[in-house]
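Here's the structure we're looking at; comments come further down.
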Amino acid sequence: MDVATSNGNKPHGLRVEAGVGNRRKSSATAAGRRISAAAGANGEEAVAIVEGAQLGEADRRLAEMGYVQVYKREFSWLSCFSFAVSVSGLFSSVTTTFSYPLYAGGAASAVWCWLISGAGCMCIALSVSELVSAYPTSGGLYFTCKYLAPERWVPEISWICGWLNLLGQIAGVASTEYGAAQLLLAAVSMGTNFTYKPTQGHTVGVMAAITTVHGAINSMNTSALEKITKTYVLFHIGVLVSCCITLLVMCKDKNSTHYVWTNVTPDSGWTPTGWSFLFGFLSVSWTMTDYDATAHIAEEIKNPELKAPWSISAALGFTYIGGWLFTIVLAYCMGDPAAILASEVGQPVAQIFYNNIGKSGGIFFTVAAFVIMNFCAIVSIQAGSRTVWAYSRDEMLPLSRVWYKINRVTTTPLYAVWVFTISCILIDLIGLGSYITIAAIFNICAIALDWSYCIPIICKLLYGKFRPGPWHLGRAGFWVNLWAVTWTLFVSVIFILPTIRPVTPANMNYACVILVGIGLFALLYWVIAGQFYYFGPRVKAQLLVASAARSSGDSSGEERAEKVAEY
């Protein structure tokens, strides 16, 4: 595999050697011994020897973890925070998922479930931040299995973690693109005084078009993406604040405080009422997810061991508080929940905008939600494409050598961008035949992503191999990690249950069926092929640390000078 940069030049302070021999596992070894490299199909694989004295701190740490720096580090504090906020798509995500707590238990379910579930999601976010600080690579939490799991089980554990994460990201982007199409068509319907009613075919067609546009945007270089990304959060916060103020001012017939905080009116058909109430957690979990998206661009961030975890934790904190306050405003201003749930627009929050602000204001904020959903999709495709690239670097995916290639002009992995983009479109095309099936695929997004985080968190708790980075939770880490896993286990049960009863083929939640099917496929794929070529995160670089003897010109110290730094 080529370790040179896209323009054909080797990174500064790097030389390439070929390790020859039989295919074997690639793993870090103790200082003073060379790291073995898994041989390629022709019996050898290029291994970069990186001279540590000539590297920046971030590139040096990446080399210590076995990888060569390929991307330009362009992302700053603001662009990292903006990226992390945009992944949640707070304003648009709440807009498209507000119906779930209303069906579950009405206003009280919406308000209280945000407060309770948000705390659990924050524990996951903080746990992820801690691991990202210690092991900042484009592989995200998948890569951390190399250091947290028992060495003999690294291939199997990282295989499961990696496929769950990639599946969750693809399903997440597909659902985001689908939601964006729904918002745009809702605005169009509103503009025609509801004479136009979107069809399933229209939604899928618009989805395919905007997803293609987002793929094209992600075909730009890192510098351009960074400049665009830093503007997202400013627009997002501006829309959120202005919408909340406008609704509170324009709404003339607000619900009472007693109604907002205590009224429980379940329309889901589940009994007892308390169980139905719990389905309100779904809106929160779909909004506060994809925590490690910022980690997947770690190799494009300056000082990623600090900026990435701070951005993740701060952005999710903002999402938690902002999402809860926005939900409270919607609960006060929504009027009769039965009326907005029956809206012809198909988006209850868009109907709230229309009822309180009028046609022009309703269209404006619905389009604003559409724009923010686009931001979410763009950054998610960037994170997803870097995930494909990182997995291909470890030869985990079929045709890895194709997806790992870096374009010479953009210095980004264009093949990875487009295979990820096309995968999202193909999933959404299922909606032409069966909305129930595609909805089930969307449902597994949060389950797959959250468990891809919990696997390394569990390894951290069980095996005690974790070495913290500069951002860590200290003594609170154990309890935060434990609650993150416990909460994920609890909420996963809710995710796989149908949200409406009585259960019919038309409202059944087929997420459990799809999860079992995907699990069997991953297991079969591992048995047939994966175990023979995948050995976990591979070593692509060795760090050369010069000794005092070598630096003083003593040639006898040359051999002693060459050692591999152990991370």
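Looking at Tyr196, its side chain never comes within 3.5 Å of a backbone N or O of Asn193 through a donor-acceptor pair. A donor-acceptor pair under 3.5 Å is absent between the side-chain atoms of Ser283 and the main chain of Gly280, judged by distance alone. Lys230 places no side-chain N or O within 3.5 Å of a backbone atom of Ser82 that could act as its donor or acceptor partner. Of the possible polar contacts, none joining the Ser133 side chain to the Glu130 backbone as a donor-acceptor pair under 3.5 Å is found. Under the 3.5 Å distance criterion, the side-chain polar atoms of Tyr142 are left unmatched by any main-chain donor or acceptor of Asn165. No donor-acceptor pair closer than 3.5 Å links the side chain of Ser189 to the backbone N or O of Leu185. Proximity of a side-chain donor or acceptor of Asp292 to a complementary backbone N or O of Ala295 within less than 3.5 Å is not detected. A side-chain donor-acceptor contact under 3.5 Å links Thr195 to the backbone of Thr192. In this structure a side-chain-to-backbone donor-acceptor pair under 3.5 Å is missing from Ser285 to Leu282. A donor-acceptor contact shorter than 3.5 Å is absent between the side chain of Glu74 and the backbone of Glu226.
Side-chain contact check for Val329 versus Ile245: every heavy-atom pair is 4.5 Å or farther apart. At a threshold of 4.5 Å between non-hydrogen side-chain atoms, the residues Pro304 and Phe75 do not count as touching. Side-chain contact between Tyr525 and Pro398: present, with at least one pair of heavy atoms (C-beta onward) separated by less than 4.5 Å. Side-chain contact check for Phe420 versus Leu166: some heavy-atom pair is nearer than 4.5 Å. For the pair Leu489 and Trp451, the minimum side-chain heavy-atom distance is below 4.5 Å. Residues Trp418 and Thr212 have side chains in contact (heavy-atom distance under 4.5 Å, counting atoms from C-beta outward). Side-chain contact check for Phe353 versus Leu247: some heavy-atom pair is nearer than 4.5 Å. Side chains of Ser313 and Ser129 form a contact here, defined as non-hydrogen atoms less than 4.5 Å apart.
Side-chain rings of Phe281 and Trp487 approach one another, their centers coming within less than 6.0 Å. The six-membered or imidazole ring of Tyr354 lies away from that of Phe365, with a centre-to-centre distance of 6.0 Å or more.
Annotation for Lys359: atom NZ counts as buried by contact number, over 12 foreign heavy atoms lying within 6.0 Å. For Asp336, the CG atom counts as densely surrounded, since its 6.0 Å shell holds more than 12 non-hydrogen atoms of other residues, nucleotides or ligands.
In this structure, Ala174 and Asp428 approach most closely via the heavy-atom pair O-OD2, 2.9 Å. Taking both residues in full, the closest heavy atoms of Ala350 and Met190 are given as O-CE, 3.6 Å, listed atom of the first, atom of the second, then distance. Residues Asn263 and Thr265 approach most closely at OD1-OG1, 2.8 Å, considering heavy atoms. The minimum heavy-atom distance linking Gly89 with Ile372 is given by the pair CA-CG2, 4.3 Å. Taking all atoms of both residues into account, the shortest heavy-atom contact from Cys376 to Thr176 is SG-CG2, 3.9 Å. Heavy-atom minimum distance, Leu184 versus Val206: CD2-CG1, 3.9 Å.
How far OG1 of Thr366 is from CD1 of Ile352: 10.5 Å, rounded to the nearest 0.5 Å. Between the CE atom in Met207 and the OH atom in Tyr178 there is a gap of 8.0 Å [rounded to 0.5 Å]. Expressed to the nearest 0.5 Å, how far CG of Leu164 lies from CD1 of Ile455 amounts to 5.0 Å. Of the inter-residue distances, the one linking Leu316 atom CG with Thr289 atom OG1 reads 9.0 Å to the nearest 0.5 angstrom. With rounding to the nearest 0.5 Å, the separation of CD1 in Ile170 from CD1 in Ile381 is 11.0 Å. Taking CD of Gln182 as the reference point, atom OG1 of Thr95 lies at 12.0 Å (rounded to 0.5 Å).
Pairs of residues two or more places apart, or lying in two chains, that qualify as ring pair (Phe, Tyr, Trp, His ring centres under 6.0 Å) and include a residue from residues 315-349 are Phe91-Phe326. The stretch residues 373-386 participates, sequence neighbours left out, in these side chain to side chain donor-acceptor pair (under 3.5 Å) pairs: His214-Asn374, Glu300-Arg386.
Here Leu399 pairs with Val402, Trp403 under the side chain to side chain contact (heavy atoms under 4.5 Å, CB included) rule; sequence neighbours left out.
A side-chain donor from one of Ser79 and Ser76 sits under 3.5 Å from a side-chain acceptor of the other. In this model, no donor atom of one side chain and acceptor atom of the other lie less than 3.5 Å apart for Trp389 and Ser138. Using modelled atom types, one finds no donor on one side chain facing an acceptor on the other under 3.5 Å when comparing Trp77 with Ser311. With 3.5 Å as the limit, one finds a donor-acceptor pair spanning the side chains of Gln169 and Thr387. Using a 3.5 Å distance cut-off with no hydrogens or angles, the side chains of Ser88 and Thr319 do pair a donor with an acceptor.
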Problem set entry | From CA spacing to verdict: side-chain hydrogen bond (donor to acceptor under 3.5 Å, both in side chains), Ser127, Asn481 | CA-CA 6 Å; Ser127 300; Asn481 296 163; 2.8 Å; yes
For this session: Start with the C-alpha gap between Tyr232 and Val87, add the side-chain angles, then the distance that decides, and say whether side chain to side chain contact (heavy atoms under 4.5 Å, CB included) holds.
Result: CA-CA 10 Å; Tyr232 294 168; Val87 166; over 6 Å; no
For this session: Test Phe375 against Phe235 for ring pair (Phe, Tyr, Trp, His ring centres under 6.0 Å), laying out the working first.
Result: CA-CA 10 Å; Phe375 295 163; Phe235 180 83; 5.8 Å; yes
Exercise. Between Ser93 and Trp286, does a side chain to side chain contact (heavy atoms under 4.5 Å, CB included) hold up when you go through it step by step?
Worked result: CA-CA 7 Å; Ser93 294; Trp286 276 321; over 6 Å; no
Exercise. So Trp112 and Trp261, side chain to side chain contact (heavy atoms under 4.5 Å, CB included) or not? Walk me through it.
Worked result: CA-CA 8 Å; Trp112 287 108; Trp261 292 90; 3.6 Å; yes
Problem set entry | Verdict with supporting geometry, Met373 and Thr96, side chain to side chain contact (heavy atoms under 4.5 Å, CB included) | CA-CA 10 Å; Met373 190 71 91; Thr96 54; 3.7 Å; yes
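Thr294 pairs with exactly one of Val85, Ile312, Val128 by the side chain to side chain contact (heavy atoms under 4.5 Å, CB included) rule, that one being Ile312.
Ring pair Phe279/Trp275 is perpendicular by interplanar angle, where above 60° counts as perpendicular and below 30° as parallel.
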